[in-house]
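For clarity, every value in this text was computed on a predicted model and none was experimentally measured. Numbers restart at 1 for each chain; the letters A, B, ... are given by sequence-line order, proteins then strands. These values consider heavy atoms only, across backbone and side chains, with no hydrogens, waters or symmetry-generated copies.
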Amino acid sequence: MTVGSGSGLPPGLPFPRRILAGDTIEAARALLGARLVRLAEPAATTDDSSDDDRVAHRRVGRIVEVEAYIGEGDRASHARMGRTARNAVMFGDPGIAYVYLVYGMYHCLNVVTEPDGRPAAILIRAVEPIAGVAAMRGARAADATRRGRNLRHVADHRLAAGPGLVCIAFGIDRAMTGLDLCDPASTIGLETRPTGEPAPMVEATPRVGVGYAGEPWTSAPWRFVVPGSRALSLVRSGSVS
DNA sequence: GCAAAGATTTGCT
DNA sequence: GCAAATCTTTGCC
């Protein structure tokens, strides 16, 4: 059997860095429909593991929800207090991963955008599982166990339906900050939409959980979703859309 | 050096 | 619908 994407479609191309180097809003819209990929784990033993085994564990998700954080002036952005030890990568080159711990319990994956010197990033809030669903479910179950719980029934399409859940399902943590998401050799990466798949519809809404920022930042329509996707994060009722 | 809040998720009332 | 879990980062004394 030939090595493929694991989804029946041809493997995608690395996501173009030039798109991430440009306007963050444009880049955020372009990321919808693109793929988040986690490479297969290295074989535990080098002798008896086949390529097929590794392909089977490759995780792929279709990005359906993102948020843009743009510049030091954005009072909702981690860059609002200027360059710090935590957010330094946001000020660097586009295409790099920025992963932070939120509420002391969950990780959030961001893609750095805009040229070196301009702090901006896109938060990956939700993806639809396409391949490696068993590995995602296994990661969710292992995480639940770590927290002293059992993973209740979760439909496949809800396995990565939130920014914290994306990181759990794909095994992403702060140690991955600095990874080049445009490099196919990186453990975590981005790929373009497969050839022939139509571009998704895009809807803009205010960002989630940024009430502390104040206007106009709280209401800025910088959250982008693929309307109707079953994998969208649950937004608290009362939030504006 | 200490206190407060956060780009979330889950479970119980 | 609300609060707890959990800890890093930031802001202020």
Novice: Please identify which of these residues, A:Arg207, A:Arg29, A:Arg223, A:Arg230, meets the salt bridge (Lys or Arg N to Asp or Glu O under 4.0 Å) condition with A:Glu65.
Specialist: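 That would be A:Arg223; it is the only one of A:Arg207, A:Arg29, A:Arg223, A:Arg230 passing the salt bridge (Lys or Arg N to Asp or Glu O under 4.0 Å) with A:Glu65.
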Novice: Classify the ring geometry between A:His78 and A:Tyr98 as parallel (under 30°), tilted (30 to 60°) or perpendicular (over 60°).
Specialist: perpendicular
Novice: Give me the residues of residues 141-156 of chain A where at least one heavy atom lies under 4.0 Å from an atom of DNA chain C, by number, or none.
Specialist: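 By residue number: none to list.
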Novice: Output, in order, the C-alpha distance, side-chain angles, deciding distance and verdict of side chain to side chain contact (heavy atoms under 4.5 Å, CB included) for A:Val133 and A:Leu159.
Specialist: CA-CA 8 Å; A:Val133 173; A:Leu159 284 170; 3.8 Å; yes
Novice: Regarding A:Glu72 and A:Arg80, does a basic nitrogen lie under 4.0 Å from an acidic carboxylate oxygen?
Specialist: no
Novice: Assess whether a salt bridge exists between A:Asp93 and A:Arg17, defined as any Lys/Arg side-chain N lying under 4.0 Å from an Asp/Glu carboxylate O.
Specialist: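 Salt bridge flag = no for A:Arg17 with A:Asp93.
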Novice: Can you tell me how far P in B:dA5 sits from the matching atom in C:dA3, rounded to whole Å?
Specialist: 15 Å
Novice: Are A:Glu191 and A:Arg58 ion-paired here, with the side-chain N under 4.0 Å from a carboxylate O?
Specialist: yes
Novice: May I ask you to decide if A:Trp217's main-chain N or O and A:Asp74's side chain share a donor-acceptor pair within less than 3.5 Å?
Specialist: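 Such a contact is absent between A:Asp74 side chain and A:Trp217 backbone.
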Novice: Once you round it to whole Å, what is the distance between C1' of B:dT8 and CD1 of A:Ile124?
Specialist: 17 Å
Novice: Please indicate yes or no: is the ring centre of A:Tyr69 less than 5.5 Å from the centre of the six-membered base ring of B:dA7, with the two planes inclined by under 30 degrees?
Specialist: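 Here the ring of A:Tyr69 and the base of B:dA7 are stacked, with centres under 5.5 Å and planes under 30°.
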Novice: Is B:dA7 paired to anything, Watson-Crick or G-U wobble with both distances less than 3.5 Å, and if yes, which nucleotide?
Specialist: none
Novice: Kindly state which residues belonging to residues 90-110 of chain A come within less than 4.0 angstrom of DNA chain C, counting heavy atoms of the residue only, listed by number.
Specialist: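 Residues of residues 90-110 of chain A that come under 4.0 Å of DNA chain C are, in numerical order, A:Leu101, A:Tyr103, A:Gly104, A:Met105.
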Novice: For A:Asp173 and B:dT8, what is the distance between atoms CG and C1' respectively, to the nearest whole Å?
Specialist: 17 Å
Novice: Does CG belonging to A:Asp116 count more than 12 external heavy atoms closer than 6.0 Å?
Specialist: yes
Novice: Pick the P atom in C:dG1 and in B:dA7, then give their distance to the nearest Å.
Specialist: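 Comparing P positions in C:dG1 and B:dA7 gives a spacing of 23 Å.
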Novice: Check this for me, if you would: do A:Asp143 and A:Arg146 make a salt bridge, where the nitrogen-to-carboxylate-oxygen distance has to be below 4.0 angstrom?
Specialist: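 A salt bridge links A:Asp143 with A:Arg146.
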Novice: Is there a path of hydrophobic side-chain contacts, each under 4.5 Å between heavy atoms of I/L/V/M/F/W/Y residues, joining A:Leu32 to A:Phe170?
Specialist: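 Yes.
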Novice: If you look at every strand shown and take non-hydrogen atoms under 4.0 Å, does A:Arg158 touch a base, only sugar-phosphate, or nothing?
Specialist: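 Answer is nothing: A:Arg158 stays at 4.0 Å or more from every strand.
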Novice: Please determine whether the number of non-hydrogen atoms from other residues, nucleotides or ligands lying under 6.0 Å from atom CE of A:Met201 exceeds 12.
Specialist: no
Novice: Give every pair of a protein N or O atom and an N or O atom of nucleotides 9-13 of chain C that lie under 3.5 Å apart, one pair per line with the distance.
Specialist:
| from | atom 1 | to | atom 2 | distance (Å) |
| --- | --- | --- | --- | --- |
| C:dT10 | OP1 | A:Thr84 | OG1 | 2.7 |

Novice: If C:dT6 has a Watson-Crick or G-U wobble mate with both distances under 3.5 Å, name it; if not, just say none.
Specialist: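 The answer is none; no pair meets the criterion.
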